[in-house]
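The analysis underlying the following values was restricted to heavy atoms, covering all of them including side chains, and did not include hydrogens, waters or symmetry mates. Throughout, a chain's letter reflects where its sequence line sits, starting with A, and its residues are numbered from 1.
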2 protein chains.
Amino acid sequence: MTDESARASRPNGVAFLLAQTGAHAAGLFAERISALGVTPGDVGLLRMVAAAPGRSQRSLAEELGVVASRVVVLVDGLERRGLLQRRRDPANRRNHALHLTAAGAEVMAGVRALRPAHEDEICAGLDEAQRHQLAELLGIIAGRQGLAPGVHPGYRAAPQRSSRDEGERDQGSPQLPRP
Amino acid sequence: MTDESARASRPNGVAFLLAQTGAHAAGLFAERISALGVTPGDVGLLRMVAAAPGRSQRSLAEELGVVASRVVVLVDGLERRGLLQRRRDPANRRNHALHLTAAGAEVMAGVRALRPAHEDEICAGLDEAQRHQLAELLGIIAGRQGLAPGVHPGYRAAPQRSSRDEGERDQGSPQLPRP
DNA sequence: TATTGTTATACTCTATAACTATA
DNA sequence: TATAGTTATAGAGTATAACAATA
């Protein structure tokens, strides 16, 4: 079984390194912004509202790939903390038009202010040319994979396997979360 | 507020691209291995056991940065599906020595077999030289950040903010999960 | 009737604490 | 007494379904 253990020991390659370093970068970012009292999810939602003030919760739910009731909870939290405001849309009074408050804009400014240090921490060990190279290569991947600029996952529910689909390890459909 | 919306629209740079593409790569990997009936967490745990057969649950908990009772649940699931086996360690009968079953080794072989296609999918659009470049740059980052080869996060609990620390947005200690 | 948002509810994940058995 | 593992329990997160208001 020494053979087995040797073979199993290290998955490597670009895909794994990406997942590893990406999770690390996301974790450090979460730590940094926690000083501002927000999570990456909060920031993403605030950013989307800032980019298109007045948009509806429904539209956010669709772009986030999340159910409407989930947005209710997220917006509840942000409104309770005074970062976001719901206003009834006079044109269509079913809609809640979302707007950043002054405090919300401040938080976003704070997040922006944190970014350079974060970037430097992640890129420590790379010179300027290497950073550009890396940014370019990652940009190619992001483009090829259809990832929108500025939007990242983390809202989708975890794979979620119920406790009763036991022992069925070889069925055909890999149940793609969203094709 | 057009100014604001313009400024808020796109966070960019290496750190963000890393988080974005890394989450994407991890998601695709999770989809692929779901055909084998396992999650990335399962695979990570199986890999660690394969690399050091007979290790204890406690040692796994420490390496994963997870509480012991969590490992009980994870191992329960893998044992129930026949991929892992608990054996009492005769030398110290408190320990459960963990071993892969034949089925578990098969699953790991299946995971390894999926890797090349996964790598190709992620690296689509990059030629061989670019892949090497990217792997090298990511390797530098992983090394600088102290990321162990073959180990990636995803076991740690989410940032987890309770519902009562409301409105306290400016305290000093960012509560680092693990320094 | 269809759509937006909300509430009620259930289920999963994960941690804390109490407990069992070994040492 | 200390350690490995387990069970019981509680909390957060998220989805589904029923509901209210508006169109």
Please work out if S56(A) contacts a base, only the sugar-phosphate, or nothing of the nucleic acid, heavy-atom cut-off 4.0 Å. sugar-phosphate
In whole angstrom, give the distance that lies between atom CZ of R58(A) and atom P of dT22(D). 17 Å
Main chain of G82(B), side chain of T101(B): is a donor-acceptor contact present, judged purely on distance under 3.5 Å? yes
When hydrophobic residues are tied together by side-chain contacts of less than 4.5 Å, even through go-betweens, does I122(B) share a cluster with I140(A)? yes
Rounded to whole angstrom units, what separation is found between the CG atom of L45(B) and the P atom of dT14(C)? 12 Å
Report the distance from atom CD of Q57(B) to atom C1' of dT3(D), rounded to the nearest whole Å. 13 Å
When every nucleotide of nucleotides 18-23 of chain C is labelled 5' to 3' by its protein contacts under 4.0 Å (heavy atoms), B for base, S for sugar-phosphate only, - for none, what sequence of letters results? ----BS
Are the side chains of I141(B) and Q145(B) in contact, using a 4.5 Å heavy-atom criterion? yes
Relative to the 5' end of DNA chain D, which residue comes earlier, S69(B) or E62(B), by the nucleotide with the nearest heavy atom? E62(B)
To the nearest Å, how far apart are L60(A) CG and dT6(C) P? 12 Å
For dT6(D), does either OP1 or OP2 sit under 4.0 Å from a side-chain N or O belonging to R86(B)? yes
Keeping N95(B) on the side-chain end and A97(B) on the backbone end, is there a donor-acceptor pair under 3.5 Å? no
Hey, is the side chain of R55(B) poking within less than 4.0 Å of OP1 or OP2 on dA4(D), counting only N and O atoms? no
Distance, rounded to the nearest Å, where D76(B) contributes CG and dA8(D) contributes P: 12 Å
Give the rounded distance in Å between these two atoms: CZ of R87(A) and P of dG5(C). 15 Å
Any side-chain to backbone donor/acceptor pair from R47(A) onto V43(A)? Under 3.5 Å, distance only. no
Is any side-chain heavy atom of H96(B) closer than 4.5 Å to one of R87(B)? no
Separation of dT6(C) atom P from L74(A) atom CG, nearest Å, is 12 Å
What closest approach, in Å, do L17(A) and G139(B) show between heavy atoms, and which atom pair accounts for it? CD1-N, 4.3 Å
Taking dT6(D), dA15(C), dT6(C) as options, the one with an atom nearest any side-chain atom of V66(B) is dA15(C)
How many Å lie between NE2 on H96(A) and C1' on dT3(C), as a whole number? 14 Å
